[in-house]
J.: 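Please read through the structure below; I'll follow up with questions.
For this chain, numbers begin at 1 and follow the sequence in order. Just the heavy atoms: all of them, side chains too, but no hydrogens, waters or symmetry mates, feed the values below.
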Amino acid sequence: MTNDAYWRLLRRALSAVAALLLPLLLLWGCQTTMVPTNQPLPQNARGLPVYSGGYALLPMLQHPQGEVVFIMAFSGGGKRSAAFAHGVLRGLRQIPVVEDGRTRSLLDELDYVAAVSGGSFPAMHYGLYRDKSFETFPSEFLKVDINAYIFGTYLLPWNWEWLVNPFYGTNDRMAEVYDRLMFHGATYADLLRRGLPVVSVDATDIANGIPFSFTQPYFDLICSDLSSFPVARAVAASNGFPVLFSPITLISHTPDCRGVRPPTAAPAEWAETPDELSRRALLARTADRYLDPERTQYVHLLDGGISDNLALRGVANGGIALDDTTDTFRRIALKTRRVLVLSVDGQSAADPAISKQRVVTGLSQIFGAVSGTQIDAYSFETMILTASELRQLVDSLRKVRCSQARVIEGHDCADVRGALVHISLSSILDPQERQRLQAIPTGLTIPYEDVDQLVSSGEHLVQQNETIRGLISDLGGPAVAVAVQARPRLAPK
């Protein structure tokens, strides 16, 4: 090789290296992206935290919308779950509820939506935009190629700040994408102004392996104010699939609270019980862990499906921690005659081929097994816990009502019923349609025709559900003054 050829080859090699390094050097020099952080709670004149209730179910339910307490939970499962849940929301608009001579849709009765992973998109979109969501959610999310933005995060050099900025991760970038596409700078203060339903987006605290809900009671545990937090970051945290995305991180401001325990936290004395299986003790010990500034300085959050893919654990924990002696509970009880907990499950079926293979090497099969089969096994236990807590809640409502009077607003005080309804892709009767929709991979981009079919299936299944219609069918019946009968026991669902 001549000297000229050698130098030409060297110059080309250096040019190639420079082309690769230049974007990184520019990013290293700029690092201009400011990641929004959670803010501390406001303080009073004495420097003590102001716990004001904020974005949470009980403070916002002080004046119930009707005689039905209606709670929904949207599972994980990527865009497959998002489209299915959106369809269920659409279907609820067509189910009439007659109360006191007036007719409303069952969707108008909705008080609370818990959601994880893919289910957090339709939940948050509806929470912000209400009926407008039915017009815009398909074009803003369901039929948008979100995977292209994920690939762009890793493949396009101008999106590589996460490589050089230790405080900016891949999921911080995705939060910006979700905000630009759907949420447009909205914060929890905007949600609070919208009123009921409360939307609880749940992620997983990876240090403790437990669900963490984006509601004010959870933020109280880290002495933080949820109202200024961007909703897009909550959704990104709930969708942060491990390895693919970095955690969304919250800062604990507990030193600012000077040891003042939030009124929403499980009482400290619950942790002292000798019963190792006490769920109340577990809630109290979890609260103690967050409230200790030495033990928790940061909360790192990833996909909510890791700890609870049905989004029902928070609902069940709320029932465990419920104090039925408060004035708030009493006001709710005197109005409530029906409790509906609707679990909307877009999880796919387990892959039967794995049990027939000697070697499993495909990443898609491995990820599917980890995020599907194992999650489903845990979800069954979650359903059992939720059903148990629902039965206890119905009993508490009857107890409070009948301690007030034998007849309340013309109805037997014991006329309180509840139902836990599970609507899933496995509920689809047509075997070919069921198999095809369950086989849709968990991801954030799916074909348009699959989106339409999932929406249609969710809409149809909820409208045809006999348990739901049976629960609310007699709300508009004649009011009668009768003696209190023996309280019926709620049959397990």
Side-chain angles (χ1 to χ4, degrees), residues 51 56-58 69 71 73 112 114 116 200 202-213 215-223 252 254 257 259-296 299 301 304 306-330 332-333 339 341 343 374-375 377-400 418 420 487 489-493:
Y51 295 112
L57 179 59
L58 285 181
V69 170
I71 295 169
Y112 186 87
V116 297
S200 173
D202 301 345
T204 298
D205 175 355
I206 59 174
N208 297 302
I210 57 176
F212 187 96
S213 299
T215 56
Q216 189 55 54
Y218 276 80
F219 268 54
D220 283 346
L221 296 175
I222 56 173
C223 197
S252 175
T254 48
C257 280
V260 179
R261 194 177 187 88
T264 53
E269 54 267 25
W270 285 4
E272 299 172 3
T273 177
D275 183 2
E276 295 182 357
L277 299 180
S278 169
R279 293 189 181 275
R280 284 191 168 192
L282 178 62
L283 293 178
R285 290 167 189 152
T286 300
D288 291 343
R289 191 179 305 129
Y290 283 119
L291 293 168
D292 185 346
E294 295 299 321
R295 298 177 67 184
T296 301
V299 180
L301 301 171
I306 299 171
S307 56
D308 174 20
N309 200 52
L310 287 181
L312 282 172
R313 301 295 292 194
V315 174
N317 288 340
I320 293 169
L322 192 64
D323 184 353
D324 60 10
T325 65
T326 63
D327 290 339
T328 297
F329 185 86
R330 189 173 193 81
I332 296 170
V339 181
V341 179
S343 171
Q374 299 301 320
I375 284 174
Y378 182 61
S379 294
F380 178 73
E381 303 298 326
T382 300
M383 291 289 290
I384 293 174
L385 173 62
T386 306
S388 174
E389 290 305 313
L390 176 58
R391 288 193 291 271
Q392 293 187 43
L393 172 60
V394 169
D395 281 343
S396 294
L397 291 168
R398 290 178 183 142
K399 177 182 176 182
V400 170
L420 170 60
R487 292 183 296 170
R489 182 172 179 81
L490 179 68
K493 299 296 179 186

J.: If the plane angle is over 60° it's perpendicular, under 30° parallel, otherwise tilted; pick one for Tyr218 and Phe212.
T.: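 Tyr218 and Phe212: perpendicular rings.
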
J.: Measuring from atom CG of Leu420 to atom CD1 of Ile384, what distance do you get when rounded to the nearest 0.5 angstrom?
T.: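 The CG atom of Leu420 sits 11.0 Å away from the CD1 atom of Ile384.
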
J.: Quick one: CG on Asp308 to OG1 on Thr204, what's the gap to the nearest 0.5 Å?
T.: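 OG1 of Thr204 is found 8.0 Å from CG of Asp308.
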
J.: Of the non-hydrogen atoms in Ala311 and Val116, which two are nearest, and what is the gap between them?
T.: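 Smallest interatomic distance, heavy atoms only, reads CB-CG1, 3.8 Å.
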
J.: Give a yes or no on whether Glu294 atom CD has more than 12 heavy-atom contacts from other residues, nucleotides or ligands under 6.0 Å away.
T.: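 Counting neighbours around CD of Glu294, 12 or fewer heavy atoms of other residues, nucleotides or ligands fall under 6.0 Å, so no.
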
J.: Locate the shortest heavy-atom distance separating Glu389 from Ala316; write the atom from each residue and the value.
T.: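 Looks like CG-O, 3.7 Å.
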
J.: Drop me the distance from Ser278's OG to Glu272's CD, to the nearest 0.5 angstrom.
T.: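 The distance works out to 12.0 Å.
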
J.: Please report the closest heavy-atom contact between Trp270 and Ile320, naming both atoms and the distance.
T.: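 Heavy atoms of Trp270 and Ile320 come nearest at CH2-O, 4.4 Å.
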
J.: I'd like to check Leu397 versus Phe329 (side-chain heavy atoms, cut-off strictly below 4.5 Å). Are they in contact?
T.: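 Yes - at least one pair of side-chain heavy atoms lies under 4.5 Å apart.
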
J.: Step by step, would you call Thr382 with Asn309 a side chain to side chain contact (heavy atoms under 4.5 Å, CB included)?
T.: CA-CA 9 Å; Thr382 300; Asn309 200 52; over 6 Å; no

J.: OG/Ser307 to CG/Asp202 distance, rounded to the nearest 0.5 angstrom?
T.: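 So the OG of Ser307 and the CG of Asp202 are separated by 7.5 Å.
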
J.: Do you know the tightest heavy-atom contact between Ala284 and Pro267?
T.: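 Of all heavy-atom pairs spanning Ala284 and Pro267, the closest is CB-O, 3.5 Å.
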
J.: Has the side chain of Arg391 got a donor or acceptor atom that lies under 3.5 Å from a matching backbone atom of Gly418?
T.: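 Pair absent, no side-chain N/O of Arg391 close to backbone of Gly418.
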
J.: If we count only N and O atoms by modelled type, under 3.5 Å, do the side chains of Thr328 and Thr326 hold a donor and an acceptor together?
T.: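 No, no side-chain donor-acceptor contact under 3.5 Å.
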
J.: Can you tell me if Asp220 uses its side chain to pair, donor with acceptor, with the backbone of Cys223 under 3.5 Å?
T.: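 Such a contact is absent between Asp220 side chain and Cys223 backbone.
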
J.: Nearest 0.5 angstrom please: Ser200 OG to Ile71 CD1, how far?
T.: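 Interatomic distance, Ser200 OG to Ile71 CD1, rounded to 0.5 Å: 11.0 Å.
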
J.: Considering only heavy atoms from C-beta outward, does the side chain of Thr215 approach that of Leu57 to under 4.5 Å?
T.: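 Counting from C-beta outward, Thr215 and Leu57 never come under 4.5 Å.
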
J.: May I ask you to test the Thr286-Leu221 pair for a side-chain heavy-atom distance under 4.5 Å?
T.: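 No, too far: nothing below the 4.5 Å cut-off.
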
J.: Provide the closest heavy-atom pair for Pro293 versus Leu291 in the form atom of the first, atom of the second, distance.
T.: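 Pro293 and Leu291 have their closest heavy atoms at CD-O, 3.2 Å.
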
J.: Under 4.0 Å between a Lys/Arg side-chain N and an Asp/Glu carboxylate O for Asp327 and Arg330?
T.: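 Judged by the 4.0 Å cut-off on N to carboxylate O distance, Asp327 and Arg330 do not form a salt bridge.
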
J.: Between Asp288 and Arg285, is a salt bridge (charged side-chain N to carboxylate O under 4.0 Å, His left out) present by the stated rule, with each step listed?
T.: CA-CA 5 Å; Asp288 291 343; Arg285 290 167 189 152; over 6 Å; no

J.: Go through the steps for Arg279 and Leu385 under the test side chain to side chain contact (heavy atoms under 4.5 Å, CB included), then give the verdict.
T.: CA-CA 11 Å; Arg279 293 189 181 275; Leu385 173 62; 3.4 Å; yes

J.: Does Thr296 use its side chain to pair, donor to acceptor, with the backbone of Arg289 at less than 3.5 Å?
T.: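 Such a contact is found between Thr296 side chain and Arg289 backbone.
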
J.: If you take all heavy atoms of Met383 and Ser343, which pair is closest and at what distance?
T.: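 Result for this residue pair: SD-OG, 4.3 Å.
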
J.: Once rounded to the nearest 0.5 Å, what's the spacing between atom OG1 of Thr386 and atom CG of Leu312?
T.: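 One gets 4.0 Å once the value is rounded to the nearest 0.5 Å.
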
